[in-house]
Novice: 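This is the structure I want to talk about, given as structure tokens.
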Amino acid sequence: MSFDELPATGTIRRAPTGTIERVGRAEPIELLRRVPYGRLATSMRALPFLTVARHIVCDGRILLRMHSGLGHHEACDGSVVAYGADNYNADNAGDYADAVSGVGGDLWSVQFTGPAEIVHPCPEQERLFGSAPVSVDGRPFAPAYLRIDPHFVTEHTLNF
């Protein structure tokens, strides 16, 4: 299917201006507001790694809070990273389908790719993150913050 053909409702299509227009469901970045944590992916010393991070959405950008003691924020600073989140382990039974019974809604995952930079959030943004973990791997949690400016977005859904 070319970008000029009209897709089914609830899919992404190219608008006449060359931008991506959403039809139907929530924007992928809005889906992030439904779950508190995701996974950050990049490479460190030429090896790929994943780490967990708490996220909030501010002005169309993704702000992450992670533990500074592992140095992952420094490896990401100035690099292109991928950040993904999903509702596969949602707490609310109505948010996803039971794989056996098929009862519930749809499962989704989103991934955002773009440059990351270390930032210092304002007090209001810090409050939006909520409470922080007490420790990470037995060490006291020390926050570090990254901002991702998403350039590419991927969304996948499992419909039941």
Side-chain angles (χ1 to χ4, degrees), residues 3 7 9-44 48-96 105-137 139-158:
F3 283 116
T9 301
T11 60
I12 298 174
R13 64 182 165 94
R14 185 172 296 280
T17 60
T19 61
I20 299 296
E21 176 183 325
R22 190 85 177 158
V23 180
R25 299 184 310 262
E27 291 288 337
I29 201 157
E30 291 303 317
L31 291 173
L32 283 182
R33 297 182 194 275
R34 299 181 186 180
V35 295
Y37 286 89
R39 290 160 298 284
L40 177 67
T42 193
S43 62
M44 184 186 289
F49 75 87
L50 288 172
T51 189
V52 68
R54 172 76 168 95
H55 62 258
I56 61 172
V57 177
C58 290
D59 299 324
R61 293 183 175 148
I62 303 162
L63 293 177
L64 304 179
R65 180 182 68 194
M66 62 183 56
H67 179 54
S68 65
L70 302 174
H72 295 157
H73 64 294
E74 293 168 338
C76 295
D77 189 30
S79 297
V80 173
V81 302
Y83 185 72
D86 58 59
N87 70 338
Y88 295 165
N89 292 315
D91 289 336
N92 300 329
D95 288 346
Y96 64 98
D106 297 334
L107 297 174
W108 54 263
S109 69
V110 291
Q111 179 177 300
F112 303 87
T113 305
E117 66 177 311
I118 294 174
V119 294
H120 303 284
C122 68
E124 177 58 28
Q125 291 168 333
E126 286 183 8
R127 280 192 294 280
L128 290 174
F129 278 107
S131 60
V134 174
S135 65
V136 174
D137 296 335
R139 297 183 186 139
F141 179 79
Y145 299 91
L146 286 174
R147 180 176 60 217
I148 300 172
D149 184 15
H151 290 198
F152 301 100
V153 178
T154 304
E155 176 186 3
H156 296 285
T157 59
L158 298 172

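Keep in mind that what you see is a predicted model, and the values were worked out from it rather than measured.
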Novice: State, with a plain yes or no, whether a side-chain heavy atom of Trp108 is found less than 4.5 Å away from one of Arg34.
Specialist: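 Answer yes - side chains close enough.
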Novice: Taking the inter-plane angle between the rings of His55 and Tyr83 on a 0 to 90° scale, is it parallel (under 30°), tilted (30 to 60°) or perpendicular (over 60°)?
Specialist: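 The rings of His55 and Tyr83 stand perpendicular, inter-plane angle above 60°.
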Novice: Looking at CZ of Arg39 and CG of Asp86, how far apart are the two atoms once the value is rounded to the nearest 0.5 Å?
Specialist: 4.5 Å
Novice: Atom CG in Leu70, atom CZ in Arg139: separation rounded to 0.5 Å?
Specialist: 7.0 Å
Novice: Could you grab the distance from atom CG of Leu158 to atom CG of Asn87, nearest 0.5 Å is fine?
Specialist: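 Nearest 0.5 Å value for the CG-CG distance: 9.0 Å.
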Novice: First locate atom CG of Asp77, then atom CD of Glu74, and finally report the distance between them rounded to the nearest 0.5 Å.
Specialist: 8.5 Å
Novice: Minimum heavy-atom separation for Ala75 to Ser43, with atom names?
Specialist: CB-O, 4.4 Å
Novice: Do you know which two heavy atoms are closest between Cys58 and Ile56, and how far apart they sit?
Specialist: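 Taking every non-hydrogen atom into account, SG-CD1, 3.8 Å.
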Novice: A quick test of your reading: do over 12 heavy atoms of other residues, nucleotides or ligands sit less than 6.0 Å from NE2 of His151?
Specialist: yes
Novice: Could you go through Ile29 and Val153, starting from their C-alpha distance and side-chain angles, then the distance that decides it, and tell me whether this counts as side chain to side chain contact (heavy atoms under 4.5 Å, CB included)?
Specialist: CA-CA 9 Å; Ile29 201 157; Val153 178; over 6 Å; no
Novice: Which heavy atom in Phe141 sits nearest to a heavy atom in Val136, and how many Å separate them?
Specialist: CD1-CG2, 3.6 Å
Novice: Once rounded to the nearest 0.5 Å, what's the spacing between atom CG of Leu63 and atom CG of Leu128?
Specialist: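 Going from the CG atom of Leu63 to the CG atom of Leu128 covers 9.0 Å.
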Novice: For Cys76, is there any backbone N or O sitting under 3.5 Å from a side-chain donor or acceptor partner on Thr42?
Specialist: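 Here the side-chain-to-backbone pair does not exist.
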Novice: Can you name the closest pair of heavy atoms from Ala144 and Ser68 and give their distance?
Specialist: CB-CB, 3.6 Å
Novice: To the nearest 0.5 Å, what is the distance between OG1 (Thr51) and NE2 (His67)?
Specialist: 9.5 Å
Novice: Applying the side-chain contact (heavy atoms from CB on, under 4.5 Å) criterion to Leu146, which one of Met66, Arg65, Glu117 satisfies it?
Specialist: Met66
Novice: Side chains of His72 and Leu40: does their closest heavy-atom pair fall under 4.5 Å?
Specialist: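 When only atoms from C-beta onward are counted, Leu40 and His72 do not touch, as no gap falls below 4.5 Å.
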